[in-house]
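The structure appears right after this line, and notes come after that.
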Amino acid sequence: MTASDLLNRLFMAVLTLLGVAVIVFCLLRIVPGDPIAMMISPSATPADIAALRAHYGLDLGLPQQFGIWFMDVLKGNFGTSISQRRDVMELIGERLPATLELAFAALVFGVVAGGVIATLGTLARRTALDPALDFINGLFLAVPDFVWALALVLLLGVFWPVFPLSGRIDPTLSTYFHTDFYLIESLVTLNFSAFGDLIAHMVMPMLALGLPLAAIVVRTLKEALAEAMVQDYVLLARLKGMSPLRLVLQEALRNAVGPTLTLTGVQFTFMIGGTVIVERIFSYPGLGNMAIDAVINRDLPLIQGIVLTFGAIFILVNILVDLIAGWLNPRGAVHG
Amino acid sequence: MTQPLVAIEGLSAISTRDGGAPVLRDVSLTLEKGEVRGLVGESGAGKSTIAKALLGILPSTVKVTGGFIRFEGRDLLAMPRRELSDIMGRDITLIPQDPQTALNPARRIEAQLTDGLRLKLGMSKAQAHERALQLLDEVQIRNPERVLNAYPHELSGGMRQRILIASAFALNPKLVVADEPTTALDVTVQKEILRLIRRMQEAHGTAVIFVTHDLGVVAKICDRVTLLYAGKVIEDGATADMLTAPKHIYTSALIAAGPRYDRPNAGLEPVPEAVFRQLRAEIGIAERRV
Ligand SMILES: Nc1ncnc2c1ncn2[C@@H]1O[C@H](COP(=O)(O)OP(=O)(O)OP(=O)(O)O)[C@@H](O)[C@H]1O
Ligand SMILES: [Mg+2]
């Protein structure tokens, strides 16, 4: 990707986010549910309600509401959460790091586990292990993240409780964090007791989000590797005495990762969407969990802010994937 | 009497993919040191199967049902894997057909050209680099440093085939198997590549098994020829003898059909159907297998 391509992509990204903003704004005004009704006390008079509505600008026309909100967003002001009465940006800033850490852990787990299994499967071509692996992977492909989450709650939570069932960190651990990136901060400050506890809390939601990704990586990568392994250059390298493992990793892998990378990017954006329900199941204090609360409370400014944040992440991931693909492939184009 | 470099004796094979259909029928041929032997025949005649058997890379769906391949007297088909992999890539190497797919698009030329030197001879990076420069000079590549640093897609087809030839001769092998090494190239480039293979072969004293459809190519480069049809050796002999005084009617028909190396795929059609009928009767097959 050249610099002008990149500028182009960024420009498109801004346009896309604008579109997302308009759609979310309109959709939220169409669906029924009144945020004010959620916050008033039973003794409120109609005058109180009208005052509140005016306070949050809900008495204005839709185009006007959008105009005010959009101008504020451009200035970096996402408004005030109606249910929590705090700045939306601040709330998102507190929760997003937890979700990012979880999502990246699941991404790393999915890619590494999937990559290792695909490599082993490729090494085991023409043995009984290969069809067995394909069969098991087929089953894994059919199980979505929230089903994994529930199964893990049963298995690792109830029957064999090795990992904590909910939360992000043990509240009795009196650790003070300077940032909201607890995992990274505990690692950097070499606070291993906190790090271990964070990881233990993360294992189950990470598996729930990462296992479906691993299954997809296994299938795509194994297919691409099988295709690459029958190429003449692999044959020549084999004749020259290259070890089977090096044949897979050095000869085949770089030519096979293209399709997997693209799919992983797509899957990662799905996974960020998946954090909403998985975080809820494990009471993990991330952005997704907050999104559900925001929806329940009809907290319009907060929902808008969260959706725009998710949208921005999706777009950034896609641009990143293209950058990596271009870097991996010296021909400058991704081949299937 | 000195022993031949390669002696194939009564080699038979079937394809389990095609319901046990014969692929090679009692094939015998010998190859002396430093000799260029052509394997000719139409598509499906079994040329590549012989080449793959020599390299120990027969597909799992092809089963050898009888015969031997002796390399310097040692039976390749019965050899333990480790001994076999010592020979392959060192004493026996391959020039593949398609220079597009024979170089890894993701690795630089230097890495690919020096794999064998480093893995088989244990050369250091610097030694292998020196040797690679020499080899590129031998195959007449100018500015070798730039080429070593390039990726395959930055080079022309002819250039890539030169690199593959350099790679095949890098370890001074005793036998180079070339499976249609010029089919994928332009006519003018084909001629240069043929000349280059012949020159390298003479300089290194290497024997070559040269697989081709094309009697024109055979005439240019081969000392001896084996003509195959449906996995059976139809005629075998010195190139000049066979082209001027063919013994089998199929050979004469092929020479008359005059396939040329400028149209490798157009050649074998005009052989009269009567000749094929006679061939099939001789070999004992009911239908022409295509
Ligand atoms: N992988 C395989 N498994 C089973 N049978 C095969 C396989 N490859 C080729 N065959 C069979 O072996 C026979 C000979 O094929 P081979 O590739 O040796 O022919 P060839 O003379 O090299 O033909 P071409 O000029 O098309 O390359 C054919 O009948 C083919 O069907
Ligand atoms: Mg062939």
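Numbered from 1 within each chain, the chains take letters A, B, ... in sequence-line order. Source: prediction; values computed, not measured.
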Arg107(B) and Asn255(A): side-chain contact (heavy atoms from CB on, under 4.5 Å), yes or no, with the steps?
CA-CA 10 Å; Arg107(B) 294 178 74 206; Asn255(A) 296 301; over 6 Å; no
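- In this structure, the portions of Leu94(B) lying under 4.5 Å from any heavy atom of chain A include both its backbone and its side chain.
- Taking CE of Met242(A) as the start and CG of Leu119(B) as the end, the distance is 5.5 Å to the nearest 0.5 Å.
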Check the pair Gln231(A), Asn104(B) against side-chain contact (heavy atoms from CB on, under 4.5 Å), reporting the backbone distance first and the verdict last.
CA-CA 9 Å; Gln231(A) 298 296 315; Asn104(B) 188 339; over 6 Å; no
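- No donor-acceptor contact under 3.5 angstrom links the side chains of Thr93(B) and Lys240(A), judged on distance only.
- Using a 4.5 Å cut-off between heavy atoms, Ser60(B) contacts chain A through its side chain alone, with no backbone atom that close.
- Legend: residues meeting salt bridge (charged side-chain N to carboxylate O under 4.0 Å, His left out) with Glu72(B), ordered by chain and number and at least two apart, are Lys174(B).
- Residues Asp232(A) and Pro96(B) share a closest heavy-atom pair of OD2-CB, 4.1 Å.
- Considering all non-hydrogen atoms of both residues, Pro105(B) and Tyr233(A) come closest at CD-CE2, 3.6 Å.
- In terms of heavy atoms, Leu55(B) sits closest to Leu239(A) at O-CD2, 3.9 Å.
- Considering all non-hydrogen atoms of both residues, Arg254(A) and Ala106(B) come closest at CB-CB, 3.9 Å.
- Here the straight-line distance linking atom OG1 of Thr101(B) with atom CG of Leu236(A) works out to 9.0 Å at 0.5 Å rounding.
- Residue pairs meeting the salt bridge (Lys or Arg N to Asp or Glu O under 4.0 Å) criterion with at least one member in residues 139-148 of chain A: none, sequence neighbours excluded.
- The contact between Leu164(B) and chain A is made entirely by side chain atoms (from C-beta outward), counting heavy-atom distances below 4.5 Å.
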